[in-house]
Protein chains: 2
Amino acid sequence: MSRAGFESRHGAVLEAIGREITEGELAPGDTLTLEGMQGRFGVSRTVARETMRILESMGLVTSRRRVGITVQDAASWNVFDPRVIWWRLAGSGRDAQLRSLTELRIAVEPLAAGAAAYYASAEQRTRIVELGARLRGLGERGLLADFLDADIAFHTLLLEASGNEMFAALADVVAVVLRGRTRLGLMPQQPVPEALDAHENVAAAVSSGQYRKAEEAMRDLLGEVRDAMAPLGVDDPSLD
Amino acid sequence: MSRAGFESRHGAVLEAIGREITEGELAPGDTLTLEGMQGRFGVSRTVARETMRILESMGLVTSRRRVGITVQDAASWNVFDPRVIWWRLAGSGRDAQLRSLTELRIAVEPLAAGAAAYYASAEQRTRIVELGARLRGLGERGLLADFLDADIAFHTLLLEASGNEMFAALADVVAVVLRGRTRLGLMPQQPVPEALDAHENVAAAVSSGQYRKAEEAMRDLLGEVRDAMAPLGVDDPSLD
DNA sequence: GTCCCGCAATGGTGTTACCTTTCGACCCCA
DNA sequence: TGGGGTCGAAAGGTAACACCATTGCGGGAC
């Protein structure tokens, strides 16, 4: 996640307008002008233009002569852009964004675990087992903050070990989801034993190269997530 | 996929540098200067700067005073940015990109089909069945070009009907993969009957709201894809 | 009254020139 | 050898300009 954006003048402008668009304060079809941006933020035309170009490259706006800078419909946003994800998570679209991301996790992480079982390096294999054990220790002692950090490390490691750079690119986003989930109070005070088992099962399968099993174990693990997300409106397809 | 980029001067510069970076001709750590870009492409400083900003926002470069524009390591690229995907597909990284995208498809499409079974509108349900039937007709008559178009429409429809905008955003990319796969000669001259059945199974499950079944049917369908991709180095986890 | 044509206002596009700020490299001296 | 200070390269930012694609309005013809 780009922590940047506050050193340069662009940062503030980009942040403000990006938020307003993703938040819906600026509706699709609304138009801005460079002059308006200059006035509003007290920046030069150059800065306004460069900011606009970035917004354009994220699909949030288009720029046309004579007409100005037009806010685009959500359908044309680069919804995988970390900044767009971030803005949506920070604003009122949070629940919808969290739901989308959780579905994405449920889709991707099992495959990633399977691939990791195949491609992980020796160090990664030992590390994943260590993390599984660490999670059990921290979980049983109820050290939630440390547990969260280790959990993030666990999922990040698998995504990175998958050998698929698109999966790996989701690591930051998964971290945000995990933190967000905890902050929203969707996690039990003490991790349930099933979750601890599930992590260890994944770790064991990955480290021993059993990719079918790794995939399945990760699916089990995420089953818990599905349930925990239910209050947010995520459907639980447990019956047909 | 953005057709844009050729009207404005930025387009050409962005395209050229973006390609060179994703292609590896410009290695991580290499530096450019604005002046260099101006000279090379015969553009003004403004255009060079705006282009650089876009590249920066895609994670391909960073810009620091006194140092210049530094090419970033692939790990910090926005690998979900359609342009990055496009450049990688067009260049020598094509196979790796196709492999990543195919894994992503295998991860996402079953979930998307399941979600579509739940969320699709009445029109979408009838349309998916129509498309399934159309695929059979075209497939049996060996009309490959039309088959491809219908296939793309089929997968696009499911991704859009999933109610998850991140899944929907992958529609363009999936379309590119399907086209690329055909161009690479990975498709049989005439679609195999199993594939036709699989599409119809998915369509039936989606239209009747059986999301478990829709998910499973899509997994079956993608099993064929897995096999077809094998020559590209995608592993077939059929045994453990 | 309606339709079409043309003109003028608007606002992005691209260029140039200029000043400011930062920080890496190099040199000098201890 | 190494610490610190100076210099200058290159981005950051501002300003003012010519240019031109739109578009929307107004006027004239029918």
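This is a predicted model, so every value here is computed, not measured.
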**OP:** Would you please confirm or rule out a distance under 4.0 Å between OP1 or OP2 of C:dG14 and any side-chain N or O of B:H10?
**Re:** yes
Original post:
Taking NZ, NE, NH1 and NH2 as the nitrogens, is one of them in A:E23 or A:R19 under 4.0 Å from a carboxylate oxygen of the other?
Top reply: no
Original post:
Can any side-chain N or O of B:R125 pair as donor or acceptor with the backbone N or O of B:A117 at less than 3.5 Å?
Top reply: yes
**OP:** Could you tell me whether the side chain of B:R53 has a donor or acceptor atom within less than 3.5 Å of a complementary atom in the base of D:dG12?
**Re:** no
Subject >> For atom CE of B:M37 and atom C1' of D:dA10, their distance in whole Å >> reply: 14 Å
Which pairs would a plain distance check flag for residues 48-55 of chain B, meaning a side-chain donor or acceptor within less than 3.5 Å of a matching protein atom at least two apart in sequence or in another chain?
residue, atom, partner, partner atom, Å
B:R49, NE, A:E50, OE2, 3.0
B:R49, NH2, A:E50, OE2, 3.3
B:E50, OE1, A:R53, NH1, 2.2
B:E50, OE1, B:H10, NE2, 2.7
B:E50, OE2, A:R49, NE, 3.0
B:E50, OE2, A:R49, NH2, 3.3
B:T51, OG1, B:V47, O, 2.8
B:R53, NE, B:E56, OE1, 3.3
B:R53, NH1, A:H10, NE2, 3.2
B:R53, NH1, A:E50, OE1, 2.3

Original post:
Do A:D149 and A:R179 meet the salt-bridge criterion of a basic N to acidic O distance under 4.0 Å?
Top reply: yes
**OP:** Starting from P on C:dG14, measure out to CZ on B:R49 and report it in whole angstrom.
**Re:** 15 Å
**OP:** Please name all residues satisfying ring pair (Phe, Tyr, Trp, His ring centres under 6.0 Å) with A:F154, sequence neighbours left out, ordered by chain then number.
**Re:** A:H199
Original post:
Taking atom P of D:dC19 as reference, at what distance in whole Å does atom CZ of B:R9 sit?
Top reply: 14 Å
Distance-only check: which donor-acceptor pairs under 3.5 Å involve side-chain atoms of residues 74-81 of chain B, not counting sequence neighbours?
residue, atom, partner, partner atom, Å
B:S76, OG, B:D73, O, 3.1
B:W77, NE1, B:Q72, O, 3.2
B:W77, NE1, B:D73, O, 3.4
B:D81, OD1, B:R83, N, 2.8
B:D81, OD1, B:R83, NE, 3.1
B:D81, OD2, B:R83, NH2, 2.9

Original post:
Taking only N and O in the side chain of B:S44, is any of them less than 4.0 Å away from OP1 or OP2 of C:dG14?
Top reply: no
Original post:
Passes side chain to side chain contact (heavy atoms under 4.5 Å, CB included), A:L157 versus A:L131? Steps please.
Top reply: CA-CA 10 Å; A:L157 177 57; A:L131 280 170; 4.0 Å; yes
**OP:** Tell me what B:S63 touches on the nucleic acid: a base, only sugar-phosphate, or nothing, going by heavy atoms under 4.0 Å.
**Re:** sugar-phosphate
Original post:
Going by heavy atoms closer than 4.0 Å, what residues in residues 70-77 of chain B are next to DNA chain D?
Top reply: none
**OP:** Assign a letter to each nucleotide of nucleotides 5-11 of chain C from its 5' end: B, base within under 4.0 Å of a protein heavy atom; S, sugar-phosphate only; -, no contact.
**Re:** ----BBS
Subject >> Set of residues satisfying side chain to side chain contact (heavy atoms under 4.5 Å, CB included) with respect to B:E130, sequence neighbours excluded >> reply: B:R127
